[in-house]
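First the structure, in the form of structure tokens, and then the observations on it.
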2 protein chains.
Amino acid sequence: MSTIDDEPIKTPLTLDDGVDFAVIEHLFFAYRDFTADPDAILAEYGFGRAHHRVLHFVNRLPGLTVAELLDVLRITKQSLARVLKQLIDDGYIVQVPGPRDRRQRELYPTQKGRDLAMELALPQSRRIRAALEEAEPGDVAAVERFLRAMVNPELRPQMDKLPNGRSK
Amino acid sequence: MSTIDDEPIKTPLTLDDGVDFAVIEHLFFAYRDFTADPDAILAEYGFGRAHHRVLHFVNRLPGLTVAELLDVLRITKQSLARVLKQLIDDGYIVQVPGPRDRRQRELYPTQKGRDLAMELALPQSRRIRAALEEAEPGDVAAVERFLRAMVNPELRPQMDKLPNGRSK
DNA sequence: GAAATTATGTCAATAAGGCTGACATAATTT
DNA sequence: AAATTATGTCAGCCTTATTGACATAATTTC
């Protein structure tokens, strides 16, 4: 019988073990630095990453309801409540009663909220553009295809609803 | 003079605003689902994402010291302490006094720790491979180049130290 | 050899951002 | 009129991070 084996293993896991450790780690490091940019700005406003996400999607989908926002963020009503309340109290987001269903609250950014959303997006956009500078034609499409394919299939339609350009 | 302007803005931010919102959102959704896989497994063990990261890098760089691990994870000693202690107490990681400097603790996975690291990596690897199935030749390289370029330049040498394949 | 530095560990307090469960209100639908 | 829906709120809990302070052992420096 084997006793409990707490012998140290001295050989590393490598790509030979059949796992894409390189991509796994690239994603980890990339995402960490990607979020560090806005985090620093948010701290000046007394906000956190949760505020960023709410502000971002309200700016990208103005007029979405609380339920729709919860569906995009995949968090609970109670988790959203605190950050949304702060953003409203501080004048970054306004609520408008739904036109058909007056129980609903349509969420819109104010000019202040739009400005902050842009300020937060800028360093991220700069980082992305710098990363793509060295890229060859077709790489951008390849990266977007890959990232999209990494998302659970049932959530991909949701991504397609986000405005892609030339909004009127 | 302008009064406080809390008028709702009804037009969405789009790519026309000069920001790569598509890539920003792709990264957000992709990373969320990418981490959801191991999170579910970790919960069964009573662990969290922090345990995963520690276990991962100890398996990828067996024998690294506490200081080196802190340098990779970029968290504080106190944050590491709790999760590392649990992983050691539960027999996933063992400490070995450094051979030259006996103050140092070299960290190694046990067989149990190696097994869990693989179990956590597998769904992530499966997701990556599925995403790359539709990819054309050269796309993998493009994705890795992009993700690497998204990392702060000063941290890239650290990524290169991770074993790339064919370990002996 | 004594003193300073270094590697690690630990204690206490704090904060952000999640969670669950329970309950309230108003508006809509049945 | 009753049931359902959309939203809000209260209370408590968990994980993961933070800072600051201090302790111990080992190494390095003078």
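Quick note: numbers below take in every heavy atom, side chains included, and nothing from hydrogens, waters or symmetry partners. The sequence lines fix the lettering, A, B, ..., with proteins before strands; numbering per chain opens at 1.
Contact of the A/L155 side chain with the A/R74 side chain is registered, since non-hydrogen atoms from C-beta on lie closer than 4.5 Å. Side-chain contact between B/F146 and A/F146: absent, with no pair of heavy atoms (C-beta onward) separated by less than 4.5 Å. B/F21 is listed as a side-chain neighbour of B/L13, based on a closest heavy-atom distance under 4.5 Å.
By the 4.0 Å N-to-carboxylate-O rule, A/D160 lies close enough to A/R148 to be salt-bridged with it.
A/I9 belongs to no hydrophobic cluster with other residues, because no ILVMFWY side-chain heavy atom falls under 4.5 Å from its own, directly or through intermediates.
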Q | ring pair (Phe, Tyr, Trp, His ring centres under 6.0 Å) between B/F47 and B/Y92, intermediate numbers included | A | CA-CA 12 Å; B/F47 291 148; B/Y92 295 92; 5.4 Å; yes
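In terms of the salt bridge (Lys or Arg N to Asp or Glu O under 4.0 Å) criterion, residue partners of B/E25 (sequence neighbours excluded) are, by chain and number, A/R60. Not a single salt bridge (Lys or Arg N to Asp or Glu O under 4.0 Å) links B/D90 to another residue, sequence neighbours left out. In this structure B/R129 satisfies the salt bridge (Lys or Arg N to Asp or Glu O under 4.0 Å) test together with A/D20, sequence neighbours excluded. By the side-chain contact (heavy atoms from CB on, under 4.5 Å) test, A/V66 is found to be paired with A/L70, A/L80, A/L84, A/R105, A/L107, residues two or more places apart in sequence or in another chain being considered. A/K161 pairs by the salt bridge (Lys or Arg N to Asp or Glu O under 4.0 Å) definition with nothing, not counting sequence neighbours.
When hydrophobic clusters are built by joining Ile, Leu, Val, Met, Phe, Trp and Tyr residues whose side-chain heavy atoms come closer than 4.5 Å, directly or via intermediates, B/F29 is grouped together with A/L64. By the criterion of side-chain heavy atoms lying less than 4.5 angstrom apart, applied directly or through intervening Ile, Leu, Val, Met, Phe, Trp or Tyr residues, B/Y108 is not grouped with B/L87; the two fall into different hydrophobic clusters.
Taken together, the paired segments of DNA chain C that extend over three or more consecutive Watson-Crick or G-U pairs, each closer than 3.5 Å at both contacts, are C:1-30 with D:1-30.
Listed in residue order, the members of residues 38-48 of chain B having a heavy atom less than 4.0 Å from DNA chain D are B/G48. Remark: A/Q95, A/R103, A/Q104, A/R105 in residues 91-109 of chain A come within less than 4.0 Å of DNA chain D through at least one heavy atom. Contacts with DNA chain C (heavy atom under 4.0 Å) in residues 62-73 of chain B: B/T65, B/V66, B/A67, listed by number.
Between B/H52 and B/H56, the ring-plane angle classifies as perpendicular under the 30° and 60° cut-offs.
Using modelled atom types, one finds no donor on one side chain facing an acceptor on the other under 3.5 Å when comparing B/R32 with A/N152.
Here the side chain of A/T110 pairs a donor or acceptor atom with the backbone of A/G91 at under 3.5 angstrom. Judged purely by atom type and a 3.5 angstrom limit, B/Q124 has no side-chain atom pairing as donor or acceptor with the backbone of B/T35.
Between chain B and DNA chain D, the heavy-atom contact criterion of under 4.0 Å yields a 5' to 3' nucleotide range of D/dT16 to D/dT27.
Backbone-only contact: A/H51 has heavy atoms under 4.0 Å from sugar-phosphate atoms and none from a base.
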Anything under 3.5 Å between a protein N or O and an N or O of nucleotides 18-22 of chain C, put it in a table, one pair a line.
residue	atom	partner	partner atom	Å
C/dG18	OP1	A/R53	NH2	2.1
C/dC19	OP2	A/T76	N	2.8
C/dC19	OP2	A/T76	OG1	2.8
C/dC19	OP2	A/S79	OG	2.6
C/dG21	O6	A/Q78	NE2	2.9
C/dA22	N6	A/Q78	NE2	3.4

